[in-house]
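See below for the structure under consideration.
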Amino acid sequence: MKDNPVYPLARRQIREYQRLVFRYGKEVREFLKANRPNTFNKRFIEDYLMDVAVNLTESTRSQIIGNVETIIGFTLEFYNEQHQGEKLSIHELDELKIDIFKEFLLSEFKGKTLDQRLHHAERRLRVNLSRELQTFLFRENTGSKGKISSIISSISGREYKVGGTALRWNSRLVLSESFRAYQFTAKRVLGELGVEEVKWVNSPRHEPGGKLIDEYAKKTYKPSELPEYPYPCNDSYFVPIYKTK
């Protein structure tokens, strides 16, 4: 394997998700053009924007769960096909997929479950939207023209905002969960297949520099002893080591 086997799939998933965010941004832009915020409709606009934050979070949750399920299935089949020995049956793969999927959704990364991290992302978006709306109204009330684009950028902007825009923050979350699901599943299936030794391999995109995963890549492990997912967007992968007879 020259690279993480799920990397192309994860990249397609993130592009699909980003298109979803851009659609939300476009819809909000059209709404605000038709309902330009002012002192009298402030509450109505704010309620609308908060609903957008909730709906985008739910869409993000749905996409992540779908992505995770796809990657778990792909990873199970990939290592099962590669295995140099007795393979798992279709029934065993199906049972394993269900078990891993349930376990993954309840697992924690950096002390937080997926739901907790999504809640945090929603809160960030709410704060950004509220702040940009207030800034818009302040400019309007002081004789300057407010910029609708500043409100939109809280959702689909690429530039930095406090806590990150929804596009930047959630895209990182979507990609991280894809790679985490792969590593989570690979560790389990390699053990189920009876692989005794596994090599941690860093992506060609990784630039060595005394990082934790540089140490991980220096030795081999039993599947059950492989390190946990180290940090967001890490796309390291595992190579089973088969002893020649």
Side-chain angles (χ1 to χ4, degrees), residues 1-21 60 63-84 96-97 100-101 103-105 107-112 114 117-118 121 158 160 164-165 167-193 195-242:
M1 294 182 294
K2 294 182 178 181
D3 203 356
N4 183 318
V6 301
Y7 183 80
L9 175 57
R11 294 305 304 180
R12 288 197 298 273
Q13 289 178 339
I14 198 64
R15 287 194 294 271
E16 180 182 336
Y17 176 72
Q18 289 176 340
R19 286 194 289 270
L20 170 70
V21 178
T60 302
Q63 177 136 354
I64 288 177
I65 290 174
N67 291 352
V68 164
E69 186 173 19
T70 297
I71 283 181
I72 289 173
F74 177 91
T75 304
L76 290 172
E77 293 177 9
F78 176 81
Y79 282 106
N80 195 49
E81 291 174 1
Q82 295 262 325
H83 186 57
Q84 297 178 18
L96 193 54
K97 180 179 179 179
I100 292 173
F101 184 62
E103 188 178 344
F104 178 83
L105 293 181
S107 66
E108 294 184 351
F109 173 56
K110 303 298 184 184
K112 295 184 183 296
L114 172 60
R117 281 176 284 135
L118 283 167
R158 296 183 182 276
Y160 175 79
T165 68
L167 179 70
R168 288 170 61 95
W169 180 263
N170 291 0
S171 293
R172 177 180 168 91
L173 180 59
V174 171
L175 195 59
S176 296
E177 289 305 288
S178 295
F179 289 138
R180 191 170 77 91
Y182 158 69
Q183 292 190 18
F184 192 92
T185 306
K187 290 171 62 174
R188 179 74 179 274
V189 69
L190 289 169
E192 294 288 339
L193 287 168
V195 174
E196 296 181 358
E197 195 174 14
V198 181
K199 175 71 174 174
W200 176 293
V201 180
N202 291 326
S203 163
R205 285 165 293 284
H206 169 66
E207 297 181 3
K211 296 182 180 178
L212 181 66
I213 59 173
D214 291 328
E215 295 299 317
Y216 290 171
K218 289 180 180 178
K219 53 186 178 180
T220 60
Y221 306 84
K222 293 180 179 179
S224 61
E225 296 173 350
L226 278 162
E228 297 298 323
Y229 187 70
Y231 53 75
C233 301
N234 173 265
D235 61 341
S236 301
Y237 57 97
F238 305 143
V239 176
I241 299 173
Y242 296 102

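FYI, the numbering just counts along the sequence from 1. Everything quoted here is computed from the prediction, not taken from an experiment.
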Is there a donor-acceptor contact under 3.5 Å from the side chain of [X] to the main chain of [Y]?
{"X": "K187", "Y": "L226", "result": "yes"}
{"X": "S107", "Y": "F104", "result": "yes"}
{"X": "K110", "Y": "P230", "result": "yes"}

Enter the distance from [X]:[atom1] to [Y]:[atom2] here, rounded to the nearest 0.5 Å.
{"X": "E69", "Y": "L105", "atom1": "CD", "atom2": "CG", "answer": "9.0 Å"}
{"X": "I64", "Y": "L175", "atom1": "CD1", "atom2": "CG", "answer": "10.5 Å"}
{"X": "R180", "Y": "T185", "atom1": "CZ", "atom2": "OG1", "answer": "10.0 Å"}
{"X": "L190", "Y": "S224", "atom1": "CG", "atom2": "OG", "answer": "11.0 Å"}

[X] to [Y] - nearest heavy-atom pair and separation:
{"X": "Y237", "Y": "Y182", "value": "CB-OH, 3.3 Å"}
{"X": "G191", "Y": "P223", "value": "N-CB, 3.7 Å"}
{"X": "F238", "Y": "A186", "value": "CD1-CB, 3.5 Å"}
{"X": "S178", "Y": "A10", "value": "CB-CB, 4.0 Å"}
{"X": "P240", "Y": "Y79", "value": "CD-CE2, 4.0 Å"}

Salt bridge (charged side-chain N to carboxylate O under 4.0 Å, His left out) for R19 and E16? Distances and angles first, verdict last.
CA-CA 5 Å; R19 286 194 289 270; E16 180 182 336; 5.3 Å; no
Do [X] and [Y] have side chains that get closer than 4.5 Å, going by heavy atoms?
{"X": "Y231", "Y": "I213", "result": "yes"}
{"X": "T165", "Y": "V21", "result": "no"}
{"X": "F184", "Y": "I72", "result": "no"}
{"X": "I71", "Y": "L9", "result": "yes"}
{"X": "E177", "Y": "N67", "result": "no"}

What residue among Q84, H83, E197 forms side chain to side chain donor-acceptor pair (under 3.5 Å) with Y242?
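That would be H83; it is the only one of Q84, H83, E197 passing the side chain to side chain donor-acceptor pair (under 3.5 Å) with Y242.
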I'd like to know whether S171 forms a side-chain hydrogen bond (donor to acceptor under 3.5 Å, both in side chains) with Y17, so could you lay out the CA-CA distance, the side-chain angles of the two residues, the decisive distance to 0.1 Å, and finally the verdict.
CA-CA 7 Å; S171 293; Y17 176 72; over 6 Å; no
By side-chain hydrogen bond (donor to acceptor under 3.5 Å, both in side chains), which residues pair with S236, not counting sequence neighbours?
W200, N202, N234
Excluding sequence neighbours, so at least two apart, what forms ring-ring contact (aromatic ring centres under 6.0 Å, His included) with Y221?
none
For E192, run the side-chain contact (heavy atoms from CB on, under 4.5 Å) check against L76, I100, L96 and tell me which one passes.
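So the option named by the test is L96.
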Can N4 and S203 be said to form a side-chain contact (heavy atoms from CB on, under 4.5 Å), step by step?
CA-CA 7 Å; N4 183 318; S203 163; 5.8 Å; no
Sequence neighbours excluded, which residues qualify as side-chain contact (heavy atoms from CB on, under 4.5 Å) partners of K199?
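In terms of side-chain contact (heavy atoms from CB on, under 4.5 Å), with neighbours along the sequence ignored, K199 is linked to V201, T220, V239, I241.
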Heavy-atom count check: over 12 atoms from other residues, nucleotides or ligands less than 6.0 Å from E228 CD?
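No, not enclosed.
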